[in-house]
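Beneath this line is the structure, given in structure tokens, with notes to follow.
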Amino acid sequence: MATALDKYADMKPTWDHPVVIESHINGVRSKEMNPNTPITHEEIAEDAIRCWEAGAGAIHAHNTSFDLIGPDAHKDYKRTWDRVLEKHPDITWYPTTCSPLRLLPHEHGLEHVALLNEDTNARIACVDTGLTLFATDVDEEGFLSGPEFGFNYQRIGDQMRMLRERDVAMVFGVYEPGHLRHAMHYVNRGITTPGSMWDFYLIGDYGLTAMEPIATNGMKPSLESLYYYLTMIEEAQVKYPWYISIWGQGAFDDTELLRRAIELGGHIKTGLELFYDPARNPTNLELLQQAQELAREVGRPIATQDEARALYNIT
């Protein structure tokens with residue numbers, strides 16, 4: 001029996017835009033996971049500059065502590081990005097969210113983005129529309145443990161109101177299919193902003209932060225997972241560009257999945273925020289160059305930074 005996925009399995013390579021390859025240079029992964037992970041302000045700045053100069057379409061970065069919120073998060077980001085902007089004032093970059101566990105009831109979690117939008121050239125923001133259990137470990141009895149992450153409906157609404165007021169593009173982090181359904185609600189009601197995009201998280205054996213294989217969340221890194229997400233966004237009233245990011249499955253980074261996404265018109269997010277492989281310790285630059293080489297093999301042009309800015313609606 002045929003399924004809706006078959007057309008994507010049978011589809012010939014097709015695209016209407018050069019491929020954008022972003023570098024996601026750091027997150028909550030540690031130097032224990034990979035000694036090349038940038039942690040300090042100086043290391044983050046150096047990797048951002050290195051990947052931008054190598055042709056990344058955008059840089060996504062955390063600051064030095066996910067627990068910082070509001071003005072404190074803003075100040076910490078600025079220590080890195082003032083250094084970067086001094087050398088590349090036109091760089092396209094965007095921050096992450098913050099820990100929702102630290103928020104007061106009236107706070108929505110992207111207050112630092114408004115401040116960075118004013119003085120540090122941040123024109124894109126992450127919007128996570130669902131709640132997630134991030135398994136990171138197991139106890140002695142084998143029960144899963146890990147943090148809870150996400151924002152309630154009120155906070156998501158407040159985040160989106162702020163981003164709409166500032167005309168900031170939204171990156172919808174799709175950790176699970178349910179997150180996509182929530183995001184589609186806003187897209188189909190015209191509540192989002194030009195330049196927004198889907199980011200399909202395809203999550204491997206090591207999840208987002210684990211160092212041992214673990215039963216984690218999300219769709220596995222597979223062609224079937226990708227095709228399923230593509231069928232879901234057929235219902236979107238706005239045809240935003242889509243990206244894939246492969247988390248915690250380093251061995252998949254140079255296989256058919258990235259290649260197929262490039263062939264079908266998708267874009268790529270790569271870097272040490274995502275990558276973990278206990279047998280391999282690449283740099284952010286190496287992961288960027290790996291994705292660039294895949295695009296060349298496919299024959300799809302790599303977007304210039306001006307072309308990427310146009311896709312993000314940055315003028």
Side-chain angles (χ1 to χ4, degrees), residues 24-40 43 60-69 72-73 76 96-105 107-109 126-153 155-156 172-182 199-222 224-225 228-229 244-253 255 257 269-282 287:
H24 289 221
I25 61 176
N26 72 323
V28 295
R29 299 191 189 275
S30 66
K31 285 190 180 294
E32 182 183 4
M33 297 176 178
N34 184 330
N36 294 311
T37 301
I39 299 295
T40 67
E43 290 173 339
H60 171 65
H62 288 227
N63 58 1
T64 63
S65 173
F66 193 58
D67 287 334
L68 295 173
I69 62 175
D72 292 331
D76 194 80
T96 191
T97 58
C98 65
S99 172
L101 301 177
R102 299 291 310 280
L103 297 175
L104 297 175
E107 295 172 324
H108 57 66
C126 298
V127 178
D128 298 325
T129 57
L131 301 175
T132 302
L133 298 177
F134 285 151
T136 58
D137 206 348
V138 293
D139 65 19
E140 62 276 4
E141 296 180 90
F143 290 100
L144 292 168
S145 64
E148 300 174 9
F149 176 77
F151 302 90
N152 61 30
Y153 294 125
R155 283 175 171 154
I156 293 168
F172 290 107
V174 179
Y175 304 1
E176 309 270 8
H179 295 195
L180 182 51
R181 297 186 75 174
H182 287 170
D199 179 8
F200 302 144
Y201 282 42
L202 301 175
I203 303 177
D205 292 341
Y206 294 90
L208 280 81
T209 57
M211 293 181 66
E212 297 290 339
I214 195 166
T216 187
N217 61 299
M219 301 276 274
K220 289 186 175 183
S222 71
E224 290 81 3
S225 297
Y228 182 72
Y229 277 138
I244 67 168
S245 50
I246 301 174
W247 295 74
Q249 193 78 41
F252 274 69
D253 263 26
T255 63
L257 185 51
K269 303 191 181 220
T270 188
L272 293 181
E273 180 186 21
L274 322 175
F275 183 95
Y276 180 69
D277 185 333
R280 183 177 167 213
N281 288 320
L287 293 174

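Here the structure is a predicted model, which means the values were calculated and not measured.
- Interatomic distance, H179 NE2 to F172 CZ, rounded to the nearest 0.5 Å: 13.0 Å.
- The existence of a salt bridge linking R181 and E176 is excluded, since no basic side-chain nitrogen approaches an acidic carboxylate oxygen closer than 4.0 Å.
- Scanning both residues, Y276 and A210, for their nearest heavy atoms gives CD2-O, 3.8 Å.
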What do the steps show when you test D139 against S145 for side chain to side chain donor-acceptor pair (under 3.5 Å), and what is the final call?
-> CA-CA 7 Å; D139 65 19; S145 64; over 6 Å; no
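- Remark: the backbone N or O of G150 is not paired with any side-chain donor or acceptor of R155 at under 3.5 angstrom.
- Here the side chain of R29 pairs a donor or acceptor atom with the backbone of L274 at under 3.5 angstrom.
- For the pair F149/Y175, a side-chain contact is recorded, criterion being any heavy-atom separation below 4.5 Å from C-beta on.
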Side-chain donor-acceptor distances from residues 212-220 under 3.5 Å, at least two apart:
none

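- Here N63 contributes atom CG and T96 contributes atom OG1; the two are 9.0 Å apart, rounded to the nearest 0.5 Å.
- Counting only heavy atoms from C-beta outward, the side chains of L202 and L257 approach each other to under 4.5 Å.
- Residue A73 comes nearest to L68 through the heavy atom pair CB-O, 3.5 Å, listed as atom of the first residue, atom of the second, then distance.
- Between the SG atom in C98 and the NE2 atom in H108 there is a gap of 9.5 Å [rounded to 0.5 Å].
- Considering all non-hydrogen atoms of both residues, N36 and N34 come closest at N-OD1, 2.7 Å.
- Within 6.0 Å of OH in Y228 there are 12 or fewer heavy atoms belonging to other residues, nucleotides or ligands.
- Judged by distance alone, the side chain of E107 and the main-chain N or O of L103 form no donor-acceptor pair under 3.5 Å.
- D67 meets the side-chain contact (heavy atoms from CB on, under 4.5 Å) test with S65, S99, R102; sequence neighbours excluded.
- Ring-plane geometry between F200 and Y229 is classed as parallel, the angle between the planes falling under 30 degrees on a 0 to 90 degree scale with a further cut at 60.
- Atom OG1 of residue T37 and atom CD of residue E43 lie 9.0 Å apart, to the nearest 0.5 angstrom.
- Minimum heavy-atom separation, N26 to P38: CB-O, 3.5 Å.
- Put simply, the residue from H60, E273, H24, K269 that forms a side-chain contact (heavy atoms from CB on, under 4.5 Å) with S245 is K269.
- Here the closest non-hydrogen pair linking Y201 and G173 is CE1-CA, 3.8 Å.
- One finds the CG atom of N152 at 8.0 Å from the CG atom of L131 (value rounded to the nearest 0.5 Å).
- Judged by distance alone, with hydrogens and angles left aside, the side-chain atoms of D128 form no donor-acceptor pair with the main-chain N or O of F151 at under 3.5 Å.
- Using cut-offs of 30° and 60° on the angle between ring planes, the pair Y153 and H182 is perpendicular.
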